[in-house]
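Comments concern the structure below.
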Amino acid sequence: MELRQLECFVAVAEELHFGRAAARLCMTQPPLSRQIQLLEQSLGVTLLERSSRVVTLTSAGRNFLRDARHLLAYSVRAASTARRASGGEAGHVTLGFTAVAAYRLVPDWVMKAGKILPDVAIDLRERVSTDLGRLLVAGELDAILARHLPRQDGLAHHLIQREPMVVAIPRRSPLLAHKAVPLRALHRQPFVAYAPSEGKYFYDRIAAALTLAGVEPDYVQYAGQTHTLLGLVRAGLGAGLVPESARELRLDGVSFLPLAQNRLHAELYLAWRERHDNPALDAFISRVAEIPATRR
């Protein structure tokens, strides 16, 4: 059974006339009749009753007409999907991201992708940056949003955002007297820090900035994730330094103030393998992340 045979059968079944069906298909009657015969032979049933003037559908023909229409429609959709997938308009992208990226950027990108690439499924995987790099290199992720990128040949990356670090402050803290908190104001103050292992990116940056400023806070607790750190701040354990996007969590009892003369920033990169065979990823990079090919 071939698609051309189905097209011929549907045309005759709808026209109930071989001449009109042949004209509709831009062919002559003999090859049209032959296609119908071949279809009936392959099915082992009679689909059409023919006479010199009248063509009618048999009971089997009436039932088969419905399925034949569905098969033809499905073949058209399948061909369209293949073409769209080849151009990146359909397909699948697995995006890994750090927790902080989920506060603002990832939801915005998912909404944007749903509008401009509605047939591309976005599979989200939240991990810490070190795991994201490993999974990207292993081919388990198509792209990652991460603070820290692995030193690996064959990876492309683009800086997506560079956001300032801000001070998260609990209620009744003397730091609330500042409009912008100088780093030196954190000296000997209760301080909640990122953990050296799970929060290595932020730990290294913050520790370096504090050391350079000659500031030694009173470290009271460590946290691997930003939302955990903010929970400890809200409990009143101390202040902490977090990326500005953490404001999106809107925790009651936590105030955010800028750093005075702030040169402390957190960078977020989109990274992907240079050699890949996923057109949907290329479409995501160019149309959702808005990274032109000339800047990759």
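Index from 1, following the sequence.
Note on Asp123 versus Arg125: salt bridge recorded, some NZ/NE/NH1/NH2 to OD/OE distance being below 4.0 Å. Salt bridge Glu216/Arg184: absent, no basic N to carboxylate O contact under 4.0 Å. Look at Arg247 and Glu244 and you find a salt bridge, because one of the NZ, NE, NH1 or NH2 atoms lies within 4.0 Å of a carboxylate O, short of that distance. Of the charged side-chain nitrogens involved, at least one lies within less than 4.0 Å of a carboxylate oxygen, so that Arg24 and Glu14 count as a salt-bridged pair. With salt bridges taken as basic N to acidic carboxylate O contacts below 4.0 Å, one links Glu290 and Lys112.
In this structure, a donor-acceptor pair under 3.5 Å is absent between the side chains of His92 and Asp142.
Residues Tyr222 and Val242 share a single hydrophobic cluster, defined by chaining ILVMFWY side chains whose heavy atoms lie under 4.5 Å apart. Grouping the Ile, Leu, Val, Met, Phe, Trp and Tyr side chains by contacts below 4.5 angstrom, directly or via other members, places Leu43 with Leu65. Met1 and Leu3 end up in the same hydrophobic cluster when Ile, Leu, Val, Met, Phe, Trp and Tyr side chains are linked at under 4.5 Å. When hydrophobic clusters are built by joining Ile, Leu, Val, Met, Phe, Trp and Tyr residues whose side-chain heavy atoms come closer than 4.5 Å, directly or via intermediates, Leu38 is not grouped with Leu6. Leu268 and Val100 are members of different hydrophobic clusters when ILVMFWY side chains are connected at heavy-atom separations under 4.5 Å.
Side-chain contact between Val110 and Asp108: absent, with no pair of heavy atoms (C-beta onward) separated by less than 4.5 Å. Between Val166 and Leu259, the closest side-chain pair of non-hydrogen atoms is not below 4.5 Å. Counting heavy atoms from C-beta outward, Thr98 and Gln225 have side chains that stay 4.5 Å or more apart. Counting only heavy atoms from C-beta outward, the side chains of His227 and Leu249 approach each other to under 4.5 Å. When side chains are defined from C-beta on, Ile169 does not count as touching Val233, because their heavy atoms never get closer than 4.5 Å. By the 4.5 Å heavy-atom criterion applied to side chains, Arg4 and Met27 are counted as neighbours. Two residues are said to be in side-chain contact when any heavy atoms from C-beta on lie closer than 4.5 Å; Val128 and Tyr201 fail this criterion. For the pair Val76 and Leu72, the minimum side-chain heavy-atom distance is 4.5 Å or more.
The two residues Pro174 and Gln189 come nearest to each other via the heavy atoms CG-OE1, 4.0 Å. Nearest approach of Gly236 to Pro170, heavy atoms of both residues: CA-CB, 3.9 Å. Of all non-hydrogen atoms in Leu237 and Pro190, the two that sit nearest each other are O-CB, 3.3 Å. In plain terms, the two heavy atoms of Gln161 and Leu105 that are nearest each other are NE2-CD2, 4.5 Å. Across Tyr269 and Arg147, no two heavy atoms sit closer than the pair CD1-O, 3.9 Å. In this structure, Leu183 and Val215 approach most closely via the heavy-atom pair O-CG2, 3.4 Å.
Remark: side-chain polar atoms of Arg50 are not paired, donor with acceptor, to backbone N or O of Val55 under 3.5 angstrom. Side chain of Glu15 to backbone of Val10: no donor-acceptor contact under 3.5 angstrom is found. At least one donor-acceptor pair closer than 3.5 Å links the side chain of Thr58 to the backbone N or O of Thr46. At distances below 3.5 Å, at least one donor-acceptor pair connects side-chain atoms of Asn63 with backbone N or O atoms of Ser59. Side chain of Glu198 to main chain of Ala195: no donor-acceptor pair is present (N/O by atom type, distance under 3.5 Å, no hydrogens or angles). Checking side-chain atoms of Arg273 against main-chain N and O of Leu136 turns up a donor-acceptor pair under 3.5 Å. Here the side chain of Glu163 pairs no donor or acceptor atom with the backbone of Glu267 at under 3.5 angstrom.
Aromatic pair Phe202/Tyr194: centroids less than 6.0 angstrom apart.
Note: Glu89 CD to Ile116 CD1 = 9.0 Å, rounded to the nearest 0.5 Å. The CD1 atom of Ile122 lies 13.0 Å from the CE atom of Met111; values are rounded to the nearest 0.5 Å. Here Leu210 contributes atom CG and Arg205 contributes atom CZ; the two are 13.5 Å apart, rounded to the nearest 0.5 Å. Glu140 contributes atom CD, which lies 10.0 Å from atom OG1 of Thr94 (distance to the nearest 0.5 angstrom). The NE2 atom of His148 sits 7.5 Å away from the CZ atom of Arg151 when rounded to the nearest 0.5 Å. Taking OH of Tyr103 as the start and OG1 of Thr226 as the end, the distance is 4.5 Å to the nearest 0.5 Å.
Looking at Leu149, Leu141, Leu145 one by one, the single match for side-chain contact (heavy atoms from CB on, under 4.5 Å) with Leu132 turns out to be Leu141.
Ring-plane geometry between Tyr219 and Phe191 is classed as perpendicular, the angle between the planes exceeding 60 degrees on a 0 to 90 degree scale with a lower cut at 30. Ring planes of Phe9 and Phe64: tilted class, angle from 30 to 60°.
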- For side chain to side chain contact (heavy atoms under 4.5 Å, CB included), just list the numbers for His178 and Val181, CA-CA rounded to whole Å, side-chain angles, deciding distance to a tenth of an Å, and then say yes or no. CA-CA 6 Å; His178 297 275; Val181 182; 4.0 Å; yes
- Residue pair Phe256, Leu230: steps toward the side chain to side chain contact (heavy atoms under 4.5 Å, CB included) verdict: CA-CA 10 Å; Phe256 297 93; Leu230 291 179; 4.0 Å; yes
- Check step by step if side chain to side chain contact (heavy atoms under 4.5 Å, CB included) holds for Leu32 and Gln37. CA-CA 9 Å; Leu32 173 60; Gln37 291 171 1; over 6 Å; no
- Message: Could you go through His157 and Leu270, starting from their C-alpha distance and side-chain angles, then the distance that decides it, and tell me whether this counts as side chain to side chain contact (heavy atoms under 4.5 Å, CB included)?
- Response: CA-CA 5 Å; His157 66 272; Leu270 178 69; over 6 Å; no
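Atom CD of Gln261 sits in a sparse spot, with 12 or fewer heavy atoms from other residues, nucleotides or ligands closer than 6.0 Å. The number of heavy atoms from other shown groups lying within 6.0 Å of NZ (Lys200) does not exceed 12.
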